[in-house]
Amino acid sequence: MSVLTVRNFAFSATSFRTLVRTASRPFSALARIGLVVSLAVMVIGCASNKTEPSDQELALQQVEELYAKAKLALDRGNYNFAIQNYQILEANFPYGEYTEQAKLDMIFAFDKTGQVEKAVEAADNFIKLYPTHKNVDYAYYMKGVASFEKKQSAIDRFVKGGEESIRDPKPYRDSQQAFEELIKRYPNSIYAEDAKQRILFIRNSLAERELAIAQFYFDNQTYVATVNRCKNIIYAYETTPAVEGALLLMEKAYVEMGLDDLAASTHQVLLTNFPNNQKEPFKKEKGFFSRMNPFAD
């Protein structure tokens, strides 16, 4: 009911009461009933003028409230509660801008709660569902972050207590692949520079892992395997710091196998690429009887 309508109605009621007081005789019962009915119709008519919200408006209000509740929990670090509300939103409203953003937020929330497999899965699903989304670069980035944090394998826990240098390489490689895909598709992404730094760290870590395994082979006198691992480091991870250690270890392995020419050439490559390395050429340690022989070389 508009303000003008209310005022007119108030004036009419006042005029009616004045008319009643000044009448020479009272209204009949029938007239009074008619008046009451008329007033009721007027009130109902005014109330019906108020517009009820549509189903679409109600749905939008609900999804906004759900998202606001989940986002508040996310910002406060209550990640499990945030995930619950995002999942409710997603189940009840499978389409729309809020649902898309909820899917992205859940990737982050899964990662923060240590559910890295779910984070990777959520990132993959988002990339498949929304390959052209304006924020799909974030899904690639978070996939790389979450893959990097996957648990090490039982073998890596066994070898040297699961040191970083010898952890399971698959999560690192999955992470590197996601970051490389991000840089390839979205070179101007705000996450590209951080992804490059993470790739550099991953490559260094994988090279260190190879070097640790090569050292393990050397310690167990499996010199051919040692050389092969060192060659893999030199060719696959040529820009990493582990290359220096690989050349040094490969030289030692050649000496132990009696391949002095290869050992000497390897030492020369070491000095050429790492001139600050002042190590003398490796010499095979004499056995017990050789050390007792004063005429032995």
Side-chain angles (χ1 to χ4, degrees), residues 52-154 156-157 162 164 167-168 170-183 185-186 188-199 201-202 205:
E52 293 292 334
S54 64
D55 292 342
Q56 185 176 2
E57 290 172 334
L58 286 173
L60 179 60
Q61 182 180 351
Q62 291 175 3
V63 74
E64 287 177 344
E65 290 176 354
L66 270 174
Y67 181 80
K69 185 189 297 184
K71 186 63 168 62
L72 181 61
L74 188 75
D75 293 340
R76 291 180 174 178
N78 193 352
Y79 302 116
N80 286 316
F81 185 76
I83 290 170
Q84 291 174 7
N85 282 276
Y86 283 134
Q87 289 175 334
I88 293 172
L89 187 156
E90 186 180 21
N92 289 278
F93 306 96
Y95 307 104
E97 185 177 352
Y98 283 101
T99 303
E100 293 169 8
Q101 187 58 47
K103 290 178 180 289
L104 285 174
D105 290 348
M106 271 197 290
I107 301 173
F108 178 78
F110 280 135
D111 180 68
K112 296 299 287 186
T113 54
Q115 303 178 73
V116 292
E117 289 82 4
K118 288 187 177 181
V120 172
E121 182 181 358
D124 277 332
N125 289 338
F126 188 91
I127 292 168
K128 291 176 184 177
L129 287 172
Y130 313 105
T132 60
H133 193 277
K134 61 181 181 180
N135 294 324
V136 71
D137 58 330
Y138 178 76
Y140 279 105
Y141 175 74
M142 285 305 301
K143 178 182 178 181
V145 171
S147 296
F148 182 83
E149 296 168 350
K150 284 183 179 179
K151 293 180 179 179
Q152 60 191 9
S153 68
D156 286 307
R157 288 194 298 270
E164 279 297 310
R167 61 168 286 178
D168 183 5
K170 188 177 186 307
Y172 271 19
R173 288 170 182 160
D174 290 344
S175 178
Q176 180 178 347
Q177 183 178 357
F179 288 136
E180 288 175 343
E181 190 72 15
L182 164 65
I183 296 169
R185 291 176 178 269
Y186 308 97
N188 298 321
S189 169
I190 61 173
Y191 309 106
E193 189 58 36
D194 185 73
K196 291 177 183 178
Q197 296 301 317
R198 289 176 181 268
I199 289 173
F201 178 84
I202 288 170
S205 297

Validation row: [X], [Y] side chains within 4.5 angstrom (heavy atoms):
X	Y	result
Leu66	Phe93	yes
Leu182	Ser189	yes
Gln115	Ile83	yes
Leu129	Lys103	yes
Gln101	Asn135	yes
Met142	Val120	no
Tyr67	Glu64	no
Phe110	Tyr79	no

Which value, rounded to the nearest 0.5 Å, describes the distance between [X] atom [atom1] and [Y] atom [atom2]?
X	Y	atom1	atom2	result
Glu180	Arg185	CD	CZ	13.0 Å
Tyr140	Ile107	OH	CD1	11.5 Å
Phe201	Gln176	CZ	CD	12.5 Å
Glu100	Phe126	CD	CZ	6.0 Å
Tyr86	Glu90	OH	CD	11.5 Å
Ile127	Asp137	CD1	CG	10.0 Å

Between [X] and [Y], what is the shortest heavy-atom contact and its length?
X	Y	result
Ala123	Ala139	CB-O, 3.5 Å
Asn92	Ile88	ND2-O, 2.8 Å
Tyr172	Ser205	CE2-CB, 3.2 Å
Gly144	Ser175	O-OG, 2.6 Å

Does the side chain of Ser147 pick up a donor-acceptor pair with the side chain of Asp174 at under 3.5 Å?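 Looking only at side-chain atoms, Asp174 and Ser147 do not form any donor-acceptor pair under 3.5 Å.
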
Is the backbone of Leu74 close enough, under 3.5 Å, to the side chain of Asn78 for a donor and an acceptor to pair up by distance?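 No.
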
Checking Glu181 against Gln177 for the side-chain hydrogen bond (donor to acceptor under 3.5 Å, both in side chains) test, could you report, in this order, the C-alpha distance in whole Å, the side-chain angles of both residues, the deciding distance, and whether it holds? CA-CA 6 Å; Glu181 190 72 15; Gln177 183 178 357; 6.0 Å; no

When you look at Asp105 and Lys71, which way does the salt bridge (Lys or Arg N to Asp or Glu O under 4.0 Å) test go after all the steps? CA-CA 8 Å; Asp105 290 348; Lys71 186 63 168 62; 5.7 Å; no

Quick one: sort the Tyr141 and Phe179 rings into parallel, tilted or perpendicular, breaks at 30° and 60°.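 It falls in the tilted class, 30° to 60°.
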
Take Asp194 and Arg198, measure what salt bridge (Lys or Arg N to Asp or Glu O under 4.0 Å) needs, and give me the verdict at the end. CA-CA 6 Å; Asp194 185 73; Arg198 289 176 181 268; 2.7 Å; yes

What verdict does the side chain to side chain contact (heavy atoms under 4.5 Å, CB included) test give for Val136 and Tyr186, after you've listed the backbone C-alpha separation in whole Å, the side-chain angles of each residue and the deciding distance to 0.1 Å? CA-CA 9 Å; Val136 71; Tyr186 308 97; 2.9 Å; yes

